[in-house]
**Student:** 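This structure is in structure tokens; I'll ask about it shortly.
Any value given below was found using the heavy atoms of this structure, including those in side chains, with hydrogens, waters and symmetry copies removed. Along the sequence shown, the residues carry numbers beginning at 1. One-based numbering, in listed order, for ligands and for the atoms of each.
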Amino acid sequence: MESKKLRSQQWFGRKGKDGFIYRAWMKNQGIPADEFEGKPVIGICNTWSELTPCNAHFRELAESVKRGILQAGGFPVEFPVMSLGETLMKPTAMLYRNLVSMDVEESIRANPVDAVVLLCGCDKTTPALLMGACSVDIPTIVVSGGPMLTGKYEGKDIGTSDIWRFATDVKAGRMNDEQLSAAEAGMCRSRGHCAVMGTASSMAVMAEALGMALPGNAAIPAVDANRKVLAQYSGRRIVEMVQEDLKPSTILTKKAFENAIDVNTAIGGSTNFIIHLLAIAGRLNVPLDIDAFDAKLKNIPLLVNLQPSGKFFMEDLYYAGGIPAVMQAMAKYLHMDVKTVTGRTWAELLQDAYSLNPDVIANLDKPVKKESGFAIVKGNICPNGAVIKLSAADPALLKHTGKAVVFENIEDYKLRIDDPDLDVDASSVLVLKHVGAKGYPGMPEVGNMSLPQKLLKQGVTDMVRISDGRMSGTGFGTVVLHVSPEAADNGPLALVQNGDLIALDIENRSLDMLLPEGELNRRRAQHAGFANPQTRGYVKLFIDHVEPPHKGCDLDFLKGGSGSEVLRDSH
Ligand code: FES
């Protein structure tokens with residue numbers, strides 16, 4: 001390899017005082033110059049944090065990546081970026097996804113790295129790191145942290161989706177505090193991210209289906225020895241990618257995004273996938289519209305039987321053949337000619353893949369469910385679209401008209417939802433406003449709001465729910481999310497009032513409040529509008545610049561990329 005081609009040589013390859021400064025300070029780590037002079041320098045972007053329990057094993061994982069890099073003749077340098085722990089961060093980790101993407105982008109560009117390995121795990125760490133890396137566009141590979149082992153409670157398998165069931169059972173008096181504690185103790189049995197097809201798993205699958213990770217990356221459990229093997233292989237491969245100059249912009253074509261959308265449908269992936277994929281596409285200026293996510297375009301069935309849409313867990317998916325087996329089962333829908341980080345096409349990579357367990361990875365002739373993926377609905381509540389996950393909804397509610405029970409914000413919902421006097425019945429439509437990106441801020445996962453206690457006690461299990469928020473990838477129900485524009489962005493959702501008739505019609509992809517145009521105009525004229533309450537800091541920047549959900553909620557000035565060139569030189 002000619003060293004002049006390496007980006008890192010702009011630092012380490014210089015003569016005299018300029019190179020002296022760059023090299024001498026690396027040597028204070030006890031590293032001889034021949035370790036990094038002339039070799040591909042590979043950054044390992046680490047989201048390790050004890051405040052991100054899903055990523056808490058990443059320092060160990062990074063060692064496996066380093067071993068692979070060294071074996072292939074590269075020089076590994078590990079660097080931290082802000083991490084995002086879904087369970088601990090308030091008000092919501094999503095508020096910081098774009099901030100982390102900026103951290104990643106600037107950390108990569110500013111430093112002498114020729115390529116980067118992204119260590120991703122908990123929900124937002126995957127899209128944030130991919131967004132940042134795409135805006136720089138040097139060779140990049142994703143290594144996911146892997147899911148936890150399947151949880152156990154009273155002899156049954158459990159995962160994060162069961163939390164919603166436990167919460168309902170506690171509310172309905174079917175489960176006591178002691179039982180809840182026992183379930184809590186058995187839920188998270190090992191390191192790794194949520195073991196269901198929630199957002200973290202969907203993001204790991206997304207990285208694999210986009211071609212940005214080695215085949216098999218998504219499903220290997222965090223504690224399985226093969227997770228480290230994959231990390232080491234990824235370390236070896238990224239060094240080759242430098243030699244091949246294989247960048248995200250080469251891999252992430254429109255076809256690659258279409259593959260990711262189709263695979264997400266077949267796995268019953270998270271609704272958050274839409275927002276994150278749109279944001280990643282935006283960084284590469286790949287044209288992608290929210291309508292591209294509508295299941296009716298291809299009618300791909302649900303092939304993977306995992307919670308929350310089905311029964312099993314990520315560990316089972318791994319034993320059944322993982323994502324390569326899923327992609328092989330649905331190959332006729334996929335662009336098999338696109339190249340991945342391996343340098344090979346899916347047609348080459350999937351030759352020997354097959355399902356080892358049809359109960360977990362089914363086939364097109366006998367799918368888990370005929371209907372999967374998302375419906376993108378539009379109407380006078382959501383002129384720019386809203387999202388519903390079909391495999392998680394009650395088919396009986398997919399055409400439904402009911403009276404709105406409106407909550408102006410999350411505090412209002414918490415205050416009144418269990419009020420015995422709340423005017424609600426099973427046919428009502430629960431409407432939650434001001435939980436969008438600007439209004440909350442950060443668009444929290446509260447869209448699958450739990451049902452009123454009095455209805456749960458009557459045995460009601462699902463109702464139509466509408467909000468401008470998101471839903472955990474582990475959640476389920478007939479839940480309309482991501483209403484765009486959001487209430488705080490002068491969206492018509494803000495105009496819905498108690499008692500309005502709301503009509504959801506999935507067949508016709510519509511969601512409307514049944515009101516005369518004159519009444520809507522009257523309410524619009526009286527509506528006060530929204531002013532950013534923040535006066536400083538990142539949150540003010542976020543509210544001022546966040547794009548609507550149908551465009552991916554990136555900050556408007558982060559669209560596209562700035563490449564890997566460093567503009568000015570201090571030495
Ligand atoms: Fe991290 Fe679920 S909380 S993946």
Side-chain angles (χ1 to χ4, degrees), residues 46-58 61 81-97 100 118-130 142-151 157-167 183-208 213 217-224 227 264 267-273 275-276 306-309 312-315 317-318 323 389 392 442-448 469-476:
N46 202 338
T47 48
W48 168 84
S49 168
E50 288 177 344
L51 290 170
T52 306
C54 304
N55 299 16
H57 58 299
F58 278 17
L61 198 63
V81 288
M82 182 180 178
S83 191
L84 300 175
E86 198 64 29
T87 49
L88 298 178
M89 292 191 93
K90 292 177 186 263
T92 166
M94 180 63 184
L95 180 60
Y96 306 105
R97 182 199 65 176
V100 172
L118 307 177
L119 296 190
C120 310
C122 199
D123 298 14
K124 308 298 176 293
T125 55
T126 306
L129 268 56
L130 272 170
V142 170
V143 175
S144 299
M148 294 180 215
L149 296 177
T150 306
D157 290 344
I158 59 167
T160 321
S161 298
D162 288 299
I163 294 172
W164 311 110
R165 293 189 188 94
F166 295 152
E184 185 182 305
M187 175 71 75
C188 301
R189 289 179 48 234
S190 76
R191 53 188 130 172
H193 62 70
C194 291
V196 299
M197 192 50 79
T199 303
S201 299
S202 301
M203 289 296 98
V205 174
M206 176 192 77
E208 188 170 336
N217 169 70
I220 306 171
V223 292
D224 192 301
R227 172 61 57 192
N264 191 70
I267 63 169
S270 163
T271 44
N272 289 317
F273 167 83
I275 289 180
H276 299 321
L306 255 62
Q307 281 200 21
S309 299
F312 296 102
F313 298 87
M314 288 298 284
E315 205 181 330
L317 180 65
Y318 173 53
I323 294 307
K389 183 173 177 177
M443 210 179 174
E445 294 181 332
V446 295
N448 57 327
R470 296 179 301 120
M471 169 172 84
S472 163
T474 64
F476 47 85

**Student:** Check this for me, if you would: do R165 and D162 make a salt bridge, where the nitrogen-to-carboxylate-oxygen distance has to be below 4.0 angstrom?
**Tutor:**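 So R165 pairs with D162 through a salt bridge.
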
**Student:** Between T150 and D157, is the side chain to side chain donor-acceptor pair (under 3.5 Å) condition met? List the steps.
**Tutor:** CA-CA 6 Å; T150 306; D157 290 344; 5.5 Å; no

**Student:** For a side-chain hydrogen bond (donor to acceptor under 3.5 Å, both in side chains) with T47, tell me which candidate from T52, N55, T125 qualifies.
**Tutor:**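 The side-chain hydrogen bond (donor to acceptor under 3.5 Å, both in side chains) with T47 is passed solely by N55 among T52, N55, T125.
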
**Student:** Considering atom 1 (Fe) of ligand 1, could you give the total of protein N/O/S atoms lying closer than 2.8 Å?
**Tutor:**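 For atom 1 (Fe) of ligand 1, the figure is 2.
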
**Student:** Taking the side chain as C-beta and beyond, is there a heavy-atom pair between L95 and M443 under 4.5 Å?
**Tutor:**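 No. Closest side-chain heavy atoms not under 4.5 Å.
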
**Student:** Short question: side chain of W48, backbone of F58 - any donor-acceptor pair under 3.5 Å?
**Tutor:**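 Not a single qualifying donor-acceptor pair exists.
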
**Student:** Measure the spacing between CD of Q307 and CZ of F476 and express it to the nearest 0.5 Å.
**Tutor:**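 Those atoms lie 8.0 Å apart.
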
